[in-house]
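Just below is one structure, and these are the notes that go with it.
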Amino acid sequence: MRVVIVGAGQAGAALAAKLRALGHEGPITMIGEEAAPPYQRPPLSKGYLLGQMEEDRLWLRAPDFWAENAIDLRLGVPVTAIDRTARTVTVGDETLAYDALALTTGSAPRRLPAAIGGDLQGVFTVRTLADVDAMRAEFVPGRRVVIVGGGYIGLEAAAVALKLGLAVTVLEMAPRILQRVAAPETSDYIRALHQSHGVTILEGTALERLLGSPRVTAARLADGREVPADFVIVGVGITPGTALAEAAGLALDNGIATDEMGRTSDPAIWSAGDCASFPWNGRRIRLESVGNAIDQAEAVAANMLGADRPYQATPWFWSDQFDLKLQIAGLNTGYDRIITRSEGMAGVSFWYYRGNTLLAVDAMNDPRAYMVGKRLIDAGKSPAPEVLAEAPDLKVLLK
């Protein structure tokens with residue numbers, strides 16, 4: 001079986017490696033648009049941007065891994081078309097045949113429209129190695145950075161910039177930071193953390209446009225205020241990489257729609273990672289996380305080889321900001337109650353319930369709460385909210 005993988009990020013790399021680990025001996029070709037070998041993205045906005053991590057430490061595998069495992073890795077070349085009838089993909093002026101095709105095309109950052117200054121010099125996104133390399137020279141002590149978007153990427157960039165001695169302003173259009181992904185309690189905790197370090201956070205504040213020519217000099221807010229900026233970082237979310245799938249006529253639904261095995265609407269084409277949506281607990285979701293990219297890709301690899309096992313996602317996420325390690329287990333969609341547990345100086349955790357069902361936990365510098373919460377959620381167990389609130393030791397909830 002000839003396998004072609006389009007996308008050489010975390011999911012693509014995991015899928016290729018798993019195919020070999022499971023004993024697949026047929027040809028594997030993995031194609032990536034970026035020139036860099038497969039690498040991990042989370043450290044880009046943390047250790048790499050801080051200068052604490054060299055590029056080769058980002059790489060997912062040693063450089064010789066791919067050749068040693070007979071994986072034909074092609075970098076810096078986009079796939080421009082899929083011919084589903086002929087079962088081929090077009091790469092430059094070459095056509096490659098496949099028996100099974102995997103789309104691990106990831107996601108792309110949303111950018112500000114050019115009409116409001118999104119294409120000015122000095123305006124950056126944080127998604128790829130090239131993005132971060134382009135902005136690293138901007139991080140000079142005393143300079144002013146405006147960060148558009150109070151989600152995790154924007155807040156992580158804010159923490160790094162502050163550590164490097166910059167003046168940092170975060171603009172968030174919603175009434176509070178992290179509104180789309182976290183409870184008010186988590187927003188309040190993280191806002192206080194950033195403000196204690198000197199980050200200016202402006203919530204409920206819309207951006208009218210970026211000013212300057214040809215380089216950004218300020219951000220004009222909807223209320224007329226202007227915030228000076230030596231450069232701007234845009235962190236307003238990502239969009240799944242569906243263009244190739246759409247052009248090929250595959251079904252889309254908040255990403256490339258797959259079944260529980262990872263198959264798309266074409267049985268010879270599979271998908272995994274940020275770009276793929278899949279059935280989960282009676283609804284369709286798409287997860288933007290390293291854990292899902294790896295787990296889903298490995299499940300797809302097994303199913304390509306005939307395992308016929310539905311993918312069972314166990315969502316988890318994390319974020320590092322200043323001295324905070326935030327660990328999240330589960331999905332909080334639809335919660336109606338928060339239980340707060342404080343471990344004194346050790347940390348705090350917020351537990352999301354819908355009725356008496358535990359949905360998720362946000363653990364701030366509290367690895368035990370994360371571990372217990374994840375095990376409970378993965379097992380489908382929900383301690384009564386009052387029991388959780390009063391338990392002297394979280395581990396008793398696992399019995």
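This chain uses plain numbering: 1 for the first residue, then up along the sequence. As the structure is a computational prediction, the values presented were derived from the model and not from experiment.
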Do [X] and [Y] make a side-chain contact, defined as non-hydrogen atoms from C-beta onward lying under 4.5 Å apart?
X: E288; Y: I238; result: yes
X: M173; Y: T205; result: no
X: Q40; Y: L60; result: yes
X: Y311; Y: P279; result: no

Quiz item: For the rings on F317 and Y152, is their centre-to-centre separation under 6.0 Å?
Solution: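 Judged by ring-centre distance (under 6.0 Å), F317 and Y152 do not meet the cut-off.
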Quiz item: For the rings on Y335 and Y353, is their centre-to-centre separation under 6.0 Å?
Solution: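 Between Y335 and Y353, the centre distance exceeds or equals 6.0 Å.
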Is it the case that [X] and [Y] place a side-chain donor and acceptor less than 3.5 Å from each other?
X: S289; Y: N292; result: no
X: D362; Y: Y352; result: yes
X: S187; Y: E185; result: no
X: S277; Y: N254; result: no

Quiz item: Side-chain heavy atoms under 4.5 angstrom apart, residues restricted to Ile, Leu, Val, Met, Phe, Trp, Tyr: same cluster for V348 and V181?
Solution: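 Yes, one cluster joins them.
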Quiz item: What's the verdict on salt bridge (Lys or Arg N to Asp or Glu O under 4.0 Å) for E94 and R74, showing C-alpha distance, side-chain angles and the deciding distance?
Solution: CA-CA 12 Å; E94 187 178 0; R74 305 190 183 197; 2.7 Å; yes
